Amino acid sequence: MIGRIVEAEAYGRGDPGSHAYRGPTPRNASMFGPAGRAYVYISHGIHHCLNVVCDAPSAVLLRAVEPLEGLEAMALRRGVDEPRLLCAGPGRLAQAMGITLADDGVPIHRRDRLWIAAGEPVRDMAVTLRVGMSDAVNRPWRFVERGTRFASRGVSGPRR
DNA sequence: GGTAAGATTGTCT
DNA sequence: GACAATCTTACCG
């Protein structure tokens with residue numbers, strides 16, 4: 001399964017919105033590990049979310065991907081046909097790609113499991129407020145490719 | 001030891 | 001637009 005990242009969100013050090021804000025726990029341990037690894041957590045006990053660990057303790061949440069290859073496998077896991085709905089959102093993305101807690105802490109350069117590579121730079125990026133948290137901690141750290149049809153709609157839709 | 005809230009999604013109104 | 005599903009962590013007693 002291959003996809004192009006079209007939406008991401010940043011969580012930094014001293015960030016009240018970050019899971020790492022209140023210190024290490026068994027669940028967020030990966031965020032305090034070496035950079036370039038995956039941090040996978042379960043949201044609301046149902047959905048998996050995939051992050052890439054940067055300079056600890058910080059990470060980037062992958063919110064949406066434009067599916068390129070393996071559409072059938074994704075549709076099978078998701079139980080949805082609409083290509084647009086396959087990876088448009090953190091939980092959806094993880095489900096489509098088959099990401100589980102087993103992938104927590106896995107380096108993102110392992111082509112046999114997780115592989116995130118630099119591709120063509122996305123020139124037209126929109127920067128917006130983050131999604132899914134109280135307004136008090138919102139920061140303009142969400143990045144969406146302008147014009148993509150594959151981003152999550154967010155709370156009030158991506159800005160232009 | 002008990003309760004409230006959360007980096008979400010799908011379904012119903 | 002509102003709410004349930006479901007489980008882990010945070011916080012209070």
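Here is how names work: the chains are called A, B, and so on, in the same order as the sequence lines, proteins then strands, and each is numbered from 1. Quantities reported herein were computed from a predicted structural model and do not represent experimental measurements.
- Both stacking criteria are satisfied for A:H44 over the base of B:dT8: a centre-to-centre distance under 5.5 angstrom and an angle between ring planes under 30 degrees.
- Here the C1' atom of nucleotide B:dG10 and the CD atom of A:Q95 are 11 Å apart, to the nearest Å.
- For A:H47, taking side-chain heavy atoms from C-beta onward, the closest of the listed nucleotides C:dA5, B:dA7, B:dT8 is B:dT8.
- Spacing between atom CG of A:L85 and atom P of B:dT8 amounts to 17 Å, rounded to whole angstrom units.
- Neither OP1 nor OP2 of C:dC7 sits under 4.0 Å from any side-chain N or O of A:R27.
- In this structure, CD1 in A:I99 is found 7.5 Å from CG in A:L93, a value given to the nearest 0.5 Å.
- In this structure, A:L86 and A:V80 approach most closely via the heavy-atom pair CD2-O, 3.8 Å.
- We find that CG of A:L93 is positioned 18 Å from P of B:dA7, with the value rounded to whole Å.
- In this structure, the aromatic ring of A:Y41 is not positioned over the six-membered ring of the base of B:dA7 within 5.5 Å between centres and 30° between planes.
- Of the side-chain N and O atoms in A:R63, one or more sit less than 4.0 angstrom from OP1 or OP2 of B:dT8.
- Between A:R130 atom CZ and B:dT8 atom P there is a gap of 11 Å when expressed in whole angstrom units.
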Take A:Q95 and A:R78 through the side-chain hydrogen bond (donor to acceptor under 3.5 Å, both in side chains) test and state the conclusion after the steps. CA-CA 6 Å; A:Q95 187 185 14; A:R78 294 273 297 111; 2.8 Å; yes
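- Counting non-hydrogen atoms under 4.0 angstrom, A:L61 reaches a base of the nucleic acid.
- Within 4.0 Å (heavy atoms only), A:N28 reaches no atom of the nucleic acid at all.
- Considering only the side chain of A:S43, B:dT8 comes nearest among B:dT8, C:dT9, B:dA7.
- Between A:E9 and A:R63, at least one side-chain N (NZ, or NE/NH1/NH2) sits under 4.0 Å from a carboxylate O, which counts as a salt bridge.
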Annotated structure of DNA chain B as dot-bracket, pair cut-off 3.5 Å, Watson-Crick or G-U only, | for inter-strand, is ||||||.|||||.
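- Remark: C1' of B:dT11 and CD1 of A:I46 are 13 Å apart, rounded to the nearest angstrom.
- Straight-line distance from the CG atom of A:L101 to the P atom of C:dT9: 10 Å, rounded to whole Å.
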Let me see the working for A:R142 and A:E7 under side chain to side chain contact (heavy atoms under 4.5 Å, CB included), right down to the final yes or no. CA-CA 7 Å; A:R142 175 180 177 228; A:E7 182 183 356; 2.5 Å; yes
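- Within the 3.5 Å criterion, the main-chain N or O of A:N28 finds no donor-acceptor partner in the side chain of A:D104.
- As a whole-Å value, the separation of A:R22 CZ from B:dA7 P is 10 Å.
- Residue pairs meeting the side-chain hydrogen bond (donor to acceptor under 3.5 Å, both in side chains) criterion with at least one partner in residues 36-45 of chain A, sequence neighbours excluded, are A:H19-A:Y39.
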